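Remarks on the structure that follows.
Order of listing sets the numbers, starting from 1, for every ligand and every atom in it. For clarity, every value in this text was computed on a predicted model and none was experimentally measured. Heads up: numbering here begins at 1 and tracks the sequence.
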Amino acid sequence: MIIFKKKHLFGFISILALSFLLAACGGGGEEPEETEGDTGGEGTAEGESSIEAQTWRFVTEEVQGQVQYEYAAEFAKRMDEKSGGKITIEPYEYGGLGSESDQVELLQNGGVEMAVMSPGFTGNMVMEGQIFSLQFLFPDSVKKTQEILNTSEALNKDLAAKYEEKSIKPLAFWTEGGTQWTSNKPLKTPADFEDFLMRTQTSPLQKKSYEAYGAEPTAMSWSELYTALDRGTVEGQENPIFFIGDASFNEVQDYMTISNHNNYVAMTTVNNDWYNGLSDEVKSMIDETVTEMQDWVFKEQKKQNDKYLQIIKEDTENPTEVIELTEEQRQAFKEKALPVRDFYREEVSTVNGEILDKLEEEIKAATE
Ligand code: 6CS
């Protein structure tokens, strides 16, 4: 069931429509329907585009105005221009096609062609993808983190291959900003998390990361989070500042700790078989747009995170105490977080932590 705060209660396609889409696409692993029109160039004069009119669905986990949705809308605009109006992409905001997990399934089935996906919702399926739940792994600088996400072979090649085994092809990894904690009591030391009811996404390693601080994590969709925070079912959560502000979590929380304990990473993904079946011309158009969008989305998240920090600080109706952790305080959390990397290597990874080893080397090289 999708329950947003009133502000985000919009007309979404009914669950019936979702069931129809899922049923129409069959069970996991089936070939996606052929996309109309992309015939790959036969019978056209040299230099002339062979692209026929076609429509793709691009699902996101966020709503209009938020970074993921705006990304999909900008992507659609660019593809429309590049293809001379032949390729229409319909961006879907979150809630239109079910939960985050339903959306993953839709992409795998070919029910949608494209998706922005948070690895935190595929942790039970692509074990290696839980790497993004490891706190204090990426550099403190969001810009540096984005550079690593752009160039990392560990992520763009090795981790991407793990997703491809599940019919999901990641085309890019990008940050939505540093993640911060909101809470109903001040969070400054790991001891403050003792028995704290913390909301996480479904990644088991996210839960493990909070258990390392002594917290009691509960996984849930963000659509239920406002109400859960309001009722005290959970006492805190983590997210980038723009998301905290736009989803109004600050209304039902008293504190926001600027911890930058992680970066919120999202992936631009496509259905693997569908993408592989496209002509080279269309593939290059997508790839070019994906590359261009890395800069665009970096600026977009920064703009939104800066804007919402001000909004939250200046909201006198719903006052939030903003706590900035000192380096020493962050270090205390980092010490507790480091052993979770061993857990990832030994208990989570299916390749003995090789992707993490490589990523750590890449991060070291990029920050030295
Ligand atoms: O906390 C969440 O689950 C949501 N947070 C963001 C930044 N994007 C979508 C995601 O589902």
Side-chain angles (χ1 to χ4, degrees), residues 1-5 7-8 12 58-73 91-107 115-124 129-130 132-133 135 142 145-146 149 173-183 198-207 209-210 217-229 233-250 252-253 256 259-269 297-298 300-305 307-309 312:
M1 189 174 36
I2 310 289
I3 319 161
F4 293 96
K5 199 212 158 195
K7 173 177 161 191
H8 289 310
F12 51 82
F58 194 162
V59 72
T60 74
E61 300 164 335
E62 295 176 7
V63 296
Q64 271 192 37
Q66 297 177 346
V67 176
Q68 289 188 12
Y69 182 88
E70 295 308 313
Y71 176 97
Y92 283 83
E93 51 179 4
Y94 180 62
L97 296 175
S99 71
E100 295 93 344
S101 309
D102 292 329
Q103 295 185 169
V104 172
E105 205 183 314
L106 274 173
L107 185 86
V116 178
M117 207 179 272
S118 303
F121 290 107
T122 53
N124 283 310
Q130 296 184 62
F132 297 108
S133 302
Q135 304 190 2
V142 181
T145 297
Q146 186 56 61
L149 295 175
F173 297 86
W174 38 273
T175 172
E176 295 191 53
T179 42
Q180 324 298 350
W181 294 312
T182 65
S183 50
M198 184 69 182
R199 177 266 175 169
T200 64
Q201 296 177 334
T202 54
S203 161
L205 205 69
Q206 267 186 31
K207 296 181 91 175
S209 295
Y210 284 103
T218 304
M220 68 174 71
S221 160
W222 82 262
S223 55
E224 295 160 31
L225 187 51
Y226 182 93
T227 309
L229 291 168
T233 319
V234 288
E235 300 168 307
Q237 61 87 43
E238 61 165 28
N239 253 309
I241 295 170
F242 86 86
F243 198 77
I244 292 167
D246 194 71
S248 310
F249 297 148
N250 57 307
V252 284
Q253 295 271 262
M256 180 165 78
S259 49
N260 285 311
H261 58 280
N262 207 346
N263 262 261
Y264 194 99
V265 175
M267 309 183 286
T268 306
T269 63
V297 76
F298 182 80
E300 182 65 20
Q301 64 76 27
K302 179 155 183 3
K303 186 179 81 188
Q304 292 207 21
N305 281 310
K307 177 179 124 187
Y308 274 105
L309 180 58
I312 293 171

Quiz item: Does the pair Tyr226 and Ser248 meet the rule for a side chain to side chain donor-acceptor pair (under 3.5 Å), with working shown?
Solution: CA-CA 8 Å; Tyr226 182 93; Ser248 310; over 6 Å; no
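Only the side chain of Pro240 comes within 4.0 Å of ligand 1, counting heavy atoms alone; its backbone N, CA, C and O stay farther away. Residue-level proximity to ligand 1 for Gln201 is carried by the side chain, the only part with a heavy atom below 4.0 angstrom. Contacts of Asn239 with ligand 1, taken as heavy-atom pairs under 4.0 Å, involve the side chain alone.
Among all protein heavy atoms, the one lying closest to atom 10 (C) of ligand 1 is Tyr264 OH, 3.1 Å. Distance from atom 11 (O) of ligand 1 to its nearest protein heavy atom, with residue and atom name: Trp222 CD1, 3.1 Å.
The contact set between ligand 1 and Phe121, taken as ligand atoms under 4.0 Å from a residue heavy atom, comprises 3 (O), 11 (O). When each atom of ligand 1 is checked for a heavy atom of Glu100 under 4.0 Å away, the hits are 11 (O).
For the pair Glu62 and ligand 1, the shortest N or O to N or O distance falls below 3.5 Å.
Aromatic pair Phe173/Phe132: ring centres closer than 6.0 Å.
A distance-only check finds a donor-acceptor pair linking the side chain of Gln253 to the backbone of Ser183 [under 3.5 Å]. Side chain of Gln130 to main chain of Gly123: a donor-acceptor pair is present (N/O by atom type, distance under 3.5 Å, no hydrogens or angles).
Under the 3.5 Å distance criterion, with hydrogens and angles disregarded, no donor-acceptor pair is assigned to the side chains of Asn239 and Gln180.
At least one heavy atom of Arg199 sits less than 4.0 Å from an atom of ligand 1.
Under the ring-ring contact (aromatic ring centres under 6.0 Å, His included) test applied with Trp174, the options Tyr71, Phe298, Tyr264 reduce to a single match, Tyr71.
At a threshold of 4.5 Å between non-hydrogen side-chain atoms, the residues Phe242 and Gln66 count as touching.
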